[in-house]
Amino acid sequence: MPDLRNKDLRELPIDYGNALCGILISEDEIQQQVKKIAESIKESNKMWHCVIALNGALFFAADLLRELRDCTYDTIQVSSYEGTQSTRTPEIKKSLSKPVKGRDVLVIEDIIDTGHTAKFLRQYLEDQGANSVKIAALLSKPDRRETEICIDYLGFIVPDKFLVGYGLDHNQENRNLKFIAVKA
Ligand code: IMP
Ligand code: MG
């Protein structure tokens, strides 16, 4: 998968003042890579029960799941971030609506940063009796990892910079951008 750690930023379509530096991943690049991730997931030939990690993975999940066949989904919200800092102690803010017992669960995450949230979610879902738990993440920042985590399906490796757009926010702002930009 593409490693964007040395990629030059592209110019923003409109002036975002001092808020954003430039585009790291364009709308087209995101959409192409989401299709590729969906292709690999489909090769597993499993009936996935997707668990979407709100709020960040909302846009990724909406595009990814529409490329899959025969999947179901539920949402969970785990919080570990304040501003640009990970608190390292994930807590469930919104729980699942249906049991995952016996199901093949695919966690849909926006970005794996320190790794604490994904690790917590995997353990939580295993404890709830899931038959198997795999992780699909659009982005990974390996340079920030604090705990080892296996990402089963990944879109892009990104640099250690704070990113916004396509679901990623900074204090709830910029989630709705169609592209992924570096925050100034
Ligand atoms: P982790 O527990 O440190 O891996 O954090 C994962 C969560 O932190 C992600 O699901 C995001 O919500 C948030 N996060 C990490 N890096 C960024 C970023 O660059 N921009 C926005 N949110 C981020
Ligand atoms: Mg998140």
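On a predicted model such as this, the values are computed, not experimentally measured, just so you know. Start at 1 and go down the list; that is how both ligands and their atoms are numbered. The first residue in the sequence is number 1, and the count goes up from there. Every heavy atom of this structure was used, including side-chain atoms; hydrogens, water molecules and symmetry mates were not.
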**OP:** Pick out which of Leu138, Val164, Leu4 makes a side chain to side chain contact (heavy atoms under 4.5 Å, CB included) with Ile180.
**Re:** Leu138
Original post:
Hey, is Val164 touching ligand 1 through its side chain, its backbone, both or neither, going by heavy atoms under 4.0 Å?
Top reply: neither
Original post:
Relative to the heavy atoms of Glu109, which atoms of ligand 1 are at a distance of less than 4.0 Å?
Top reply: 10 (O)
**OP:** Keeping the roles fixed (side chain from Glu27, backbone from Lys178), state whether a donor-acceptor pair exists under 3.5 Å.
**Re:** no
Original post:
Hey, which atoms in ligand 1 end up nearer than 4.0 Å to a heavy atom of Leu168?
Top reply: 21 (C), 22 (N)
Original post:
Just by distance, do the side chain of Lys98 and the backbone of Asp74 share a donor-acceptor pair under 3.5 Å?
Top reply: no
**OP:** Please state whether Lys161 comes within less than 4.0 angstrom of ligand 1, counting heavy atoms only.
**Re:** yes
Donor-acceptor pairs under 3.5 angstrom involving side-chain atoms of residues 146-153: please list them, not counting sequence neighbours.
residue: Glu146; atom: OE1; partner: Arg88; partner atom: NE; Å: 2.6
residue: Glu146; atom: OE1; partner: His116; partner atom: NE2; Å: 2.8
residue: Glu146; atom: OE2; partner: Arg88; partner atom: NE; Å: 3.0
residue: Glu146; atom: OE2; partner: Arg88; partner atom: NH2; Å: 2.7
residue: Thr147; atom: OG1; partner: Lys119; partner atom: NZ; Å: 2.8
residue: Asp152; atom: OD2; partner: Ile135; partner atom: N; Å: 2.7

**OP:** For ligand 1, note which part of Lys183 has a heavy atom under 4.0 Å away: side chain, backbone, both or neither.
**Re:** neither
Original post:
For Ala118, is at least one N or O under 3.5 Å away from an N or O on ligand 1?
Top reply: no
**OP:** Answer with side chain, backbone, both or neither: which part of Asp113 has a heavy atom less than 4.0 angstrom from an atom of ligand 1?
**Re:** both
Original post:
Does any N or O atom in Leu163 lie less than 3.5 angstrom from one in ligand 1, N or O only?
Top reply: yes
Subject >> Sidechain-backbone polar pair: Lys141 side chain, Lys161 backbone, donor-acceptor under 3.5 Å >> reply: yes
Subject >> Which atom of Lys94 lies closest to which atom of Ser97, heavy atoms considered >> reply: NZ-OG, 4.2 Å
**OP:** Using a strict cut-off of 4.0 Å, indicate which atoms of ligand 1 neighbour a heavy atom of Thr117.
**Re:** 1 (P), 2 (O), 5 (O), 6 (C)
**OP:** Assess Lys141 for proximity to ligand 1: is some non-hydrogen atom of it under 4.0 Å away?
**Re:** yes
Subject >> Ligand-side contact atoms (ligand 1) for residue partner Phe162, heavy atom cut-off under 4.0 Å >> reply: 17 (C), 18 (C), 19 (O), 20 (N), 21 (C), 22 (N)
Original post:
For atom 23 (C) of ligand 1, which candidate among Asp169, Ile111, Asp160 holds the nearest heavy atom?
Top reply: Ile111
Original post:
With sequence neighbours excluded, what pairs up with Gln31 under the side-chain hydrogen bond (donor to acceptor under 3.5 Å, both in side chains) test?
Top reply: Asp63
